[in-house]
Amino acid sequence: MPNDQRPLPTPTPETAHFWEGCKAGELRLQRCTGCDGSYFPPRPFCPACGSRDVEVYAASGKASLYSYVINHRPPPGFGSDPYAIAVVTLAEGPRMMTNIVESPQTPEALKLDMPLTVTFEAFGEIALPFFKPAGV
Amino acid sequence: MHHVLITHGESGRSRVGASRFARNMASLQGQFEVPYGIGGPPTMFTIPTLRYMQTHGVTEEDLARVAVVQRQWAAMNPRASYRDPLSLDDVLNSEMIAWPFRKLMCCLVTDGGGALILTSAERARDFPQKPVYVLGTGESTETPMISQMEDFTSSRAFRVSGALAFKEAGIRQADVDHLMIYDAFAHLPLYGLEDLGFCEPGEAKHFYRDGLTAPGGKLPLNTNGGGLSYMHSGMYGMYALQEGVRQMRGIAPAQVEGAKISVCHGVGGMFAASGTVIFGNEAV
Amino acid sequence: MKPGSVAVVGAAETTRMGKIPELSVIGLHADAALNALADAGLKPCDIDGVATAGENPTAIAHYLGITPKWVDGTAVGGCSFMLHVRHAAAAIASGLCTTC
C-alpha cells in the first residue's frame with residue numbers, strides 16, 4: 001500500500017473545497033467565525049452552534065496518532081500486506097481516518113500519540129491525505 | 001393500539017434473499033473512511049480499542065477473557081453455534097483479523113430471526129405466558145463514522161441510552177440481576193459495563209479477571225453465549241432481548257436463579273447508536 | 001411511559017438457529033413472528049402495530065397479512081429492536097388506538 005486500485009471518494013459540493021485542497025497539497029479545515037471552533041468532516045455550517053458563517057482555512061498538517069488497527073484481511077484493491085487503519089487527532093482539534101505511510105505497519109513502529117505530518121498521494125483526479133511520522 | 005409485533009430475520013451466513021450492500025462513495029463514510037481500507041465491522045468497530053487499552057491498562061488477555069467467559073455460558077445453551085470450552089490460549093492464538101483483534105474476539109456470522117409481541121400491562125394478564133414488563137428504555141446516536149466518535153474510551157450513545165433507561169425504571173446498577181450487552185466484539189461488554197455505570201472507567205476488566213460475569217458470578221452477563229458464541233446474523237439486538245425475556249420468564253437454559261430485573265443493552269453500527277431496555281417480571 | 005405499563009406477551013426466535021439455508025430473509029422474519037404469535041396465542045390479524053429493521057415494515061406487514069395502525073422502521077443497526085420496544089411502549093402507553 002498505497003496502490004491505485006482503492007475506491008476513491010466522490011466529492012460533493014460541500015466537500016469540494018477539501019478535495020481541491022488535497023490536490024493542491026493543502027489540508028483544509030473549516031472553522032466557525034462566531035464560536036471559533038474547527039470541525040470535520042466538512043459542512044457549510046458550524047455543528048457546535050449552527051451558524052452558517054464559516055470559513056475554510058489551511059490547517060497545519062500536524063497531527064498525533066489517536067488509535068488504529070492493523071488490518072490482516074485487505075479488501076480488494078489494498079494489496080496483500082497488513083496495513084494500519086488509523087485515526088489521527090489534528091493539531092487544530094478534529095480527528096480523521098487515514099493510513100500511516102513511510103513507516104512499518106507494526107505495533108512497535110506505530111505508537112499512540114506519536115507526532116505525524118500530512119502528506120498527499122495522487123490517485124488520478126483525487127489526492128488522499130495520508131500521515132507520516134514527523135521528522136521523516 | 002393493542003398488540004405490537006417486532007420482527008427480525010437475517011440470513012447473515014447463508015445470504016438467501018439478502019440484498020447486496022451498496023457502497024456510496026459520495027456519502028461521508030464513502031469519502032472519509034472507505035478510501036483508507038476499511039473492510040467491514042472488524043476493521044472499524046475495533047479501532048477505538050487500542051486507545052481504550054492503553055488508557056486503562058487493558059490487555060489482549062482481557063479481551064480474550066471476554067470470549068472465554070461467553071463460551072462458558074454458550075456451553076449451557078443447546079442452540080449455541082459453538083459450545084466447546086475455550087482457553088485464553090485458544091483465543092490468543094486464533095487467526096489475526098485486525099490487530100489487536102483475533103478471530104475468536106470477533107462475532108460469529110450466522111442466520112436467525114426473532115420476534116416480540118407487546119401489549120398493555122392490563123391486557124397482558126389474559127395471555128398464556130407470564131408477562132415480562134418493560135420498566136425503562138433508552139435510545140441515542142453518536143456518529144455514523146467511527147473516526148468521529150468523541151472519546152474512543154467511552155460510547156456517548158451508550159451513556160445517554162443507558163441513563164435514560166435506568167432513570168425511567170427508577171433502579172440502580174445494584175438492582176440488576178441479569179445483563180445483556182451486545183457483544184459484536186470482545187471489547188463491547190467492557191465499554192458497556194463502564195458506560196452503563198456498573199463501574200468506573202477502566203475498571204470493567206476486573207469483572208472478567210475476577211469472574212463476576214461468568215457462570216456463578218454475581219453479575220451474569222450474556223448468558224446465552226452472546227454474539228461471540230451463540231449467534232450473530234449482522235444485527236444481534238433482538239437476541240439480547242429474547243434472552244432477557246427468557247430470564248424474566250424463568251425458562252432460560254442458563255437461568256439466573258430468582259432474577260427479577262434484566263437490562264438488555266445494544267449497539268448499532270460502529271458505536272453509532274444505542275438502545276437499552278430494562279425488563280422486570282413483577283407487576284408494578 | 002410509566003414503568004411496567006407495557007409488557008412482552010409473546011417472544012420467540014426462529015425454529016432453527018445458526019445455519020438456515022431453507023429460509024430467505026423475509027422467511028426468517030415470518031418464522032420468528034409465527035412462533036411469537038403462537039407463544040402469545042394470537043393470529044396475525046390481531047396485530048395492529050408493526051416494527052422491524054432489516055426488512056421494510058410494509059413488506060413484513062404485507063407478508064404476514066397485517067393491517068397496521070402504527071408502523072416503525074427505525075433502522076440504526078443491531079440495536080434497532082431496543083428502539084422498537086421503546087417506541088412501541090410509548091405508543092401503547094399513550095393509547096394510540098381508539099378502536100377495538
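Below, chains carry the letters A, B, ... as their sequence lines are ordered, and counting in each starts from 1.
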Item to check | Atom pair NZ/CZ of B/Lys103 and A/Arg73 - distance to nearest 0.5 Å | outcome: 5.5 Å

Item to check | Heavy-atom contact with chain B under 4.5 Å, split by part of A/Pro129 | outcome: both

Item to check | Winner by heavy-atom pair count (cut-off under 4.5 Å) against chain B, out of A/Ile70, A/Leu65, A/Val87, A/Val88 | outcome: A/Ile70

Checklist entry - How far does CG of A/Asn71 sit from OG1 of B/Thr43, to the nearest 0.5 angstrom? => result 5.5 Å

Checklist entry - So does B/Arg102 have more than 12 non-hydrogen atoms from other groups sitting under 6.0 Å from CZ? => result yes

Item to check | Heavy-atom closest pair, residues A/Pro107 and B/Trp99 | outcome: CB-CH2, 3.5 Å

Checklist entry - For A/Glu55, does the CD atom have more than 12 heavy-atom neighbours from other residues, nucleotides or ligands under 6.0 Å away? => result yes

Next on the checklist: Is there a side-chain contact (heavy atoms from CB on, under 4.5 Å) between B/Met145 and A/Arg95? Walk through the geometry before answering.
Outcome noted: CA-CA 11 Å; B/Met145 289 175 284; A/Arg95 297 216 192 95; over 6 Å; no

Item to check | Criterion side-chain contact (heavy atoms from CB on, under 4.5 Å) on A/Met97 and B/Ile47, from CA distance to verdict | outcome: CA-CA 10 Å; A/Met97 186 177 282; B/Ile47 294 177; 3.7 Å; yes

Checklist entry - Just how far is it from atom CD of B/Gln31 to atom CZ of A/Phe18, taken to the nearest 0.5 Å? => result 9.0 Å

Item to check | Between CD1 on residue A/Ile126 and CE on residue B/Met25, distance to nearest 0.5 Å | outcome: 9.0 Å

Item to check | Heavy atoms of other groups near B/Tyr82 OH, more than 12 under 6.0 Å | outcome: no

Checklist outcome for this item: Within residues 265-273 of chain B, contacts to chain A at heavy-atom distances under 4.5 Å involve none

Checklist entry - Does NZ belonging to A/Lys62 count more than 12 external heavy atoms closer than 6.0 Å? => result no

Item to check | Over 12 foreign heavy atoms within 6.0 Å of NZ, B/Lys167 | outcome: no

Item to check | Residues of residues 150-158 of chain B within contact distance of chain A, non-hydrogen under 4.5 Å | outcome: B/Glu150, B/Asp151, B/Phe152

Checklist entry - Pick from A/Thr12, A/Leu128, A/Ile85: which one has the most heavy-atom pairs with chain B under 4.5 Å? => result A/Ile85

Item to check | Derivation of the side-chain contact (heavy atoms from CB on, under 4.5 Å) call for A/Phe130 and B/Tyr36 | outcome: CA-CA 9 Å; A/Phe130 298 135; B/Tyr36 305 108; 3.9 Å; yes

Checklist outcome for this item: Honestly, the part of B/Gln148 sitting under 4.5 Å from a heavy atom of chain A is side chain

Next on the checklist: Taking CD in B/Glu95 as the centre, count heavy atoms belonging to other residues, nucleotides or ligands within less than 6.0 Å. Is the count above 12?
Outcome noted: yes

Item to check | Spatial distance of atom CG (B/Leu28) from atom CD (A/Glu14) [nearest 0.5 Å] | outcome: 8.5 Å

Item to check | Region of A/Leu8 that comes under 4.5 Å of a non-hydrogen atom in chain B | outcome: backbone

Checklist entry - Which bit of A/Pro7 is near chain B, if near means a heavy-atom gap under 4.5 Å: side chain, backbone, both or neither? => result both

Checklist entry - In terms of heavy-atom proximity below 4.5 Å to chain B, should A/Pro75 be classed as side chain, backbone, both, or neither? => result side chain

Next on the checklist: Using heavy-atom distances under 4.5 Å, tell me whether B/Leu50 contacts chain A through its side chain, its backbone, both, or neither.
Outcome noted: both

Checklist entry - Contact part of B/Ile146 toward chain A, heavy-atom cut-off under 4.5 Å: side chain, backbone, both or neither? => result side chain

Item to check | side-chain contact (heavy atoms from CB on, under 4.5 Å) between B/Arg51 and A/Asp113, worked out | outcome: CA-CA 10 Å; B/Arg51 173 60 59 171; A/Asp113 300 321; 2.7 Å; yes

Checklist entry - Taking all non-hydrogen atoms of both residues, which atom of B/Phe32 and which atom of A/Pro42 are closest, and how far apart? => result CZ-CD, 3.6 Å

